[in-house]
Every structure is written in structure tokens, then in C-alpha cells.
Amino acid sequence: MSTVRTEEMLLNVGPQHPSTHGVFRLVVKIDGETITEAKPVIGYLHRGTEKLAEDLNYTQIIPYTDRMDYLSAMTNNYVIVHAVETMMGLEIPEKAEYLRVIAMELNRVASHLVWFGTYLLDIGAMSPFLYAFREREQILNLFNELCGARLTYNYMRVGGVKWDAPEGWIDKVRDFIPYMREQLEGYHQLVTGNEIFINRVKGIGQYDAQTAINYGLSGVNLRCTGVKYDIRKDQPYSIYDRFDFDVPVATEGDCLSKYYLRMEEIRQSLRILEQAVEQFPKEGEIMAKVPRVLRTPPGETYVRIEAPRGELGCYISSKGKDKPWRLKFRRPSFVNLQILPELLVGENIANLIAILGGIDIVLGEVDC
């Protein structure tokens with residue numbers, strides 16, 4: 001009787017690989033088709049955002065945040081202005097808060113659409129990618145009307161927002177909501193019940209709640225293990241306490257449960273949007289009265305918000321000048337990525353892309 005003997009092999013995945021979703025290198029050791037070791041390598045972007053911010057005034061930092069999680073730039077814009085406003089004790093006009101929430105929830109939907117389309121593309125399905133980007137295009141058109149940009153918005157300002165919504169814009173958002181709900185049902189018919197898709201991702205990349213907490217995971221990567229934690233609900237910011245929405249959770253902790261949760265989060269964002277456009281004040285200011293030169297008082301603060309990929313935090317240390325003394329972002333993509341080596345060891349090489357895609361990282365945020 002002969003025995004099949006394999007030899008350990010070192011394999012580079014990336015840094016220029018479409019399924020790594022950015023310049024991300026993964027060095028894996030494989031024995032046959034089984035992964036025995038996996039080592040993520042980051043640092044190919046050389047961003048330096050946090051260090052650059054020390055030489056910029058607070059308004060100048062906002063465009064840099066666009067380039068972090070570039071699929072959800074509105075939430076990045078918000079976290080920096082929210083931190084500065086917290087330090088300065090500013091009261092934000094109601095109309096500006098509604099515009100911010102509408103912009104952030106539209107961006108959350110657009111971000112999850114990119115994940116849905118690219119994830120299905122990663123594991124071999126072409127059509128969902130085309131449908132997802134068709135719907136995302138409508139959101140980008142709305143953003144283009146609102147702030148003149150489609151990807152990097154630079155829309156939030158300390159004290160409010162840069163521009164008011166153009167005439168008829170809120171009505172367009174209102175019309176988009178039922179359209180997107182209908183398309184979401186189509187996604188479920190196309191993908192959710194598909195046996196090939198279920199068999200491809202069910203039970204893959206599984207972990208429990210304690211592991212998720214130990215690694216500091218947040219967002220869908222935490223809620224898929226049964227931990228019901230969403231900062232919009234547990235530590236409300238802006239005007240999120242005015243809206244009725246649910247926090248979907250799952251218990252399996254695998255790639256399939258992450259898919260279910262992101263699809264359900266689109267539905268909940270549409271609920272928030274529906275309430276926001278109905279409550280939207282027609283009159284009011286979009287900017288608080290702020291000094292021409294913004295100076296935060298000496299001290300420090302940390303604020304956190306619920307970004308599409310989890311907890312996005314901003315720490316500012318100030319010496320009372322118009323620039324931060326130190327600035328640090330807590331980036332969910334960077335933190336969530338830490339669990340990847342543990343999930344890959346012992347897995348088949350074919351599941352590598354499914355597990356990596358399930359985490360949902362944006363490299364602009366990883367290499368900040």
C-alpha cells in the first residue's frame with residue numbers, strides 16, 4: 001500500500017490580488033491543500049493619516065478621513081467632527097443632524113452593497129455584483145447632488161454640514177427606499193436560498209462569542225456570535241435615539257451568518273432612512289455658530305460610532321491650539337483583521353478567500 005506524501009509550500013496571496021480588496025499580502029504555509037500557518041502583511045499604502053493630522057487644522061483633517069474607509073467616507077467624516085464638537089461642547093442644529101444621519105445610513109447601504117457584490121464575485125457568482133452596483137449607483141448619484149462627489153465626500157463640518165440638501169433631494173431619498181426594499185427581496189431570491197452558495201459558506205470561518213470579544217471584534221463580526229451590541233443603540237450619538245430599528249444578531253459565527261446580518265442591516269438602515277425623511281425639518285440652520293479658527297480646549301476625548309465595519313473611534317489629545325497634539329483612530333477593519341490567522345489555520349486553501357471576504361476589510365482603513 002502506497003502513502004501519498006505532501007511537501008509544505010509557502011504561498012503568497014496578494015498584495016495585488018483582486019480578492020484581497022486592496023494592497024494586502026497574506027503569506028500562507030500549506031501542507032497539500034491545508035493551511036498550517038497564515039501571516040497578514042500590511043503597510044503597502046503608507047498613509048500616515050494620524051501623523052499628518054498633527055500639522056493640519058481640524059477642517060483640513062476631514063478630507064483625509066475620506067481616504068480611510070473609502071466605501072463609507074460619510075461615517076469617517078462624522079467621527080472626526082463629532083470628536084471635535086464633543087471637546088468644544090457644541091450644540092448642532094437639528095436639520096444638520098438629520099442630514100448627517102441620512103447621509104451616513106445611505107452610505108451604510110452603499111457599503112454593504114459593495115460587500116454583497118464583491119463577496120459573491122469572490123466565490124464565483126457574477127450577477128449579484130452587477131445588481132449591487134446598479135443600486136449603489138443610485139446612492140452615489142444622490143451623494144453627487146448633495147455634496148458634489150461620489151466617493152470622497154468632505155461633507156461634514158465641525159458644527160454641521162457643508163451644504164443643505166438641494167430642492168427635491170429628500171423626495172428622491174424617499175423614493176429610493178421602497179425601490180431598494182424591492183431589490184433586496186430580489187437578492188434573497190437570487191442568493192439567500194441558493195444551495196450552492198449555502199454549501200460554500202455555511203460553517204466556514206466559525207468562531208464563538210468569547211473569541212470575538214477577546215480579539216476586540218465589532219460590528220457584524222461580533223454580532224454574528226450572538227452578542228447584541230450596536231453603538232447606535234447602546235451608546236446613542238447624533239439623533240439615533242429618535243429612530244425605531246432593530247439590531248440583527250446570529251449565533252453561528254460563520255460566513256453565512258455574516259451574510260444574513262449584512263443583508264438585514266440594509267433593511268434596518270432603510271427603516272431609519274424612512275423615519276428620517278418623514279421627520280426631516282424643512283426649515284432651520286445647517287451650521288452652528290463656530291469660531292472662524294477652531295480651537296479645542298486643552299484635554300483629551302474619545303468618541304465612538306457604529307460604522308458599517310464596526311466600532312470606529314477617534315481619540316484627540318489637545319493643547320488648546322487649532323491643531324490636535326495627538327490624533328488616533330480606532331479602525332474596525334484593522335482590529336477585525338487580527339482574527340484572520342486563527343480562522344485560517346486548519347482550513348482548506350479554497351476557503352481562504354471566503355473567510356477573508358467575510359470579515360469585510362477596507363485596506364485604506366487597515367493601513368492608516
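Only heavy atoms go into these numbers, but all of them, side chains included; no hydrogens, no water, no symmetry mates. Here the structure is a predicted model, which means the values were calculated and not measured.
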Might you point out which heavy atoms bring V290 and G159 nearest each other, and give the distance in Å?
-> CG1-CA, 4.1 Å
Check: L140 main-chain N/O paired with N144 side-chain donor or acceptor under 3.5 Å = no
Taking the side chain as every heavy atom from C-beta outward, state whether E311 and P332 have any atom pair closer than 4.5 Å.
-> no
Minimum heavy-atom separation for V366 to F334, with atom names?
-> O-CD1, 3.6 Å
Look at the side chain of E342 and the backbone N and O of I339, then say whether any donor-acceptor pair between them is shorter than 3.5 Å.
-> no
Can you tell me how far the CZ atom of R267 sits from the CD atom of E185, to the nearest 0.5 Å?
-> 5.0 Å
Linking I/L/V/M/F/W/Y whenever any side-chain heavy atoms sit under 4.5 Å apart, do V114 and L130 land together?
-> yes
Is R326 paired with E54 through a side-chain N to carboxylate O contact shorter than 4.0 Å?
-> yes
Between L222 and A212, what is the shortest heavy-atom contact and its length?
-> CD1-CB, 3.9 Å
Name the orientation class of the two ring planes belonging to Y179 and F176 (parallel below 30°, tilted from 30 to 60°, perpendicular beyond 60°).
-> tilted
Do the numbers put K328 on top of the ring of Y302, so that NZ or CZ is under 6.0 Å from the six-membered ring centre and no more than 45° off the axis?
-> no
Heavy-atom side-chain contact between E274 and R181 under 4.5 Å | yes
Supply the atom-to-atom distance I305 CD1 to H82 NE2, rounded to the nearest 0.5 angstrom.
-> 7.5 Å
Distance-only check: which donor-acceptor pairs under 3.5 Å involve side-chain atoms of residues 162-169, not counting sequence neighbours?
from	atom 1	to	atom 2	distance (Å)
D164	OD2	K95	NZ	2.8
W169	NE1	L142	O	2.7

Is there a donor-acceptor pair closer than 3.5 Å between any side-chain N or O of E306 and the backbone N or O of I231?
-> yes
Report yes or no: does R47 contribute a side-chain atom to a donor-acceptor pair with the main-chain N or O of Y64 at less than 3.5 Å?
-> no
Can you tell me if E145 and N141 form a side-chain donor-acceptor pair at under 3.5 Å?
-> no
Connected via hydrophobic side-chain network under 4.5 Å: Y215 and L340 = yes
Starting at OG of S72, measure out to CH2 of W115 and round the result to the nearest 0.5 Å.
-> 15.5 Å
In sequence, state the C-alpha distance, the side-chain angles, and the governing distance for V28 and E37, and then conclude on side-chain contact (heavy atoms from CB on, under 4.5 Å).
-> CA-CA 6 Å; V28 293; E37 186 182 330; over 6 Å; no
Determine whether I80 and V158 make a side-chain contact, defined as any pair of heavy atoms from C-beta on separated by less than 4.5 Å.
-> no
side-chain hydrogen bond (donor to acceptor under 3.5 Å, both in side chains) with E105: which of R100, Q268, R271, R232?
-> R232
So if you build clusters from Ile, Leu, Val, Met, Phe, Trp, Tyr with side-chain heavy-atom gaps below 4.5 Å, do I359 and L121 land together?
-> no
Residue pair L106 / F143: nearest heavy atoms and the distance that separates them = CB-CZ, 3.7 Å
Sidechain-backbone polar pair: D241 side chain, P236 backbone, donor-acceptor under 3.5 Å | no
V247 backbone acceptor or donor facing D230 side chain under 3.5 Å = no
For N77 and Y155, indicate whether the former's side chain and the latter's backbone hold a donor-acceptor pair under 3.5 Å.
-> yes
Would you find a donor on one side and an acceptor on the other, under 3.5 Å apart, between the side chain of Q338 and the backbone of V335?
-> yes
Approximate separation, where rounding is to 0.5 Å, of L56 CG and D322 CG = 10.5 Å
Could you give the distance from CD1 (I102) to CZ (R174), rounded to the nearest 0.5 Å?
-> 9.0 Å
Could you tell me whether the side chain of L294 reaches within less than 4.5 Å of the side chain of N57, counting heavy atoms only?
-> no
Heavy-atom closest contact (L327 atom, A53 atom, distance) | CD2-CB, 3.3 Å
Is a side-chain donor or acceptor of S318 paired with a backbone partner of P297 at a separation under 3.5 angstrom?
-> yes
Can you list the steps and then say if R223 with E265 is a salt bridge (charged side-chain N to carboxylate O under 4.0 Å, His left out)?
-> CA-CA 11 Å; R223 292 190 286 271; E265 284 195 2; 2.5 Å; yes
So does I196 have more than 12 non-hydrogen atoms from other groups sitting under 6.0 Å from CD1?
-> no
side-chain contact (heavy atoms from CB on, under 4.5 Å) assessment of L363 paired with Y44 = CA-CA 9 Å; L363 260 296; Y44 290 90; over 6 Å; no
Which is it for S257 and D254 under the side-chain hydrogen bond (donor to acceptor under 3.5 Å, both in side chains) test, yes or no, and what are the steps along the way?
-> CA-CA 6 Å; S257 62; D254 61 355; 3.0 Å; yes
Are L270 and L99 joined in one hydrophobic group, where the rule is that I, L, V, M, F, W and Y side chains link up if heavy atoms are under 4.5 Å apart?
-> yes
Does the side chain of P15 reach to within under 4.5 Å of the side chain of F24, using non-hydrogen atoms?
-> no
Would you call M156 and V161 a side-chain contact if the rule is heavy atoms closer than 4.5 Å?
-> yes
State whether a side-chain donor-acceptor pair under 3.5 Å links E135 with Y187.
-> yes
Could you check whether the rings of F280 and Y98 sit parallel, tilted or perpendicular, using 30° and 60° as the cut-offs?
-> perpendicular
Under 3.5 Å side-chain donor-acceptor pair for E365 and S333 | yes
Just by modelled atom types, is the N351 backbone N or O under 3.5 Å from a matching donor or acceptor in the N348 side chain?
-> no
Following the transitive rule for hydrophobic clusters with a side-chain heavy-atom cut-off under 4.5 Å over Ile, Leu, Val, Met, Phe, Trp and Tyr, establish whether L337 and L352 coincide in one cluster.
-> yes
Please tell me if the side chains of D246 and E264 come closer than 4.5 Å, counting only heavy atoms from C-beta onward.
-> no
Just do the side-chain contact (heavy atoms from CB on, under 4.5 Å) check on V227 and L217 with the steps written out, would you?
-> CA-CA 11 Å; V227 180; L217 305 189; over 6 Å; no
Of all residues at least two apart in sequence or in a different chain, which pass the ring pair (Phe, Tyr, Trp, His ring centres under 6.0 Å) check with Y207?
-> none
Within 45° cone and under 6.0 Å: R67 NZ/CZ vs Y70 ring | no
At what distance, to the nearest 0.5 angstrom, does CG of N76 lie from CG of D66?
-> 7.0 Å
Should the ring pair Y240 and Y237 be called parallel, tilted or perpendicular, given that the plane angle runs from 0 to 90° and is split at 30 and 60?
-> perpendicular
Where R262 and H112 come nearest, the two heavy atoms and their spacing | O-CD2, 3.8 Å
Please find out if less than 6.0 Å separates the ring center of Y259 from that of Y119.
-> no
Can Y315 and E300 be said to form a side-chain contact (heavy atoms from CB on, under 4.5 Å), step by step?
-> CA-CA 7 Å; Y315 166 82; E300 58 184 16; 2.5 Å; yes
Using a cut-off of 6.0 Å, state whether more than 12 heavy atoms not belonging to Y131 lie near its atom OH.
-> no
If you measure only the distance, is there a donor-acceptor pair under 3.5 Å linking the side chains of S19 and D122?
-> yes
If we only count heavy atoms from C-beta on, is the V13 to L356 side-chain gap below 4.5 Å?
-> no
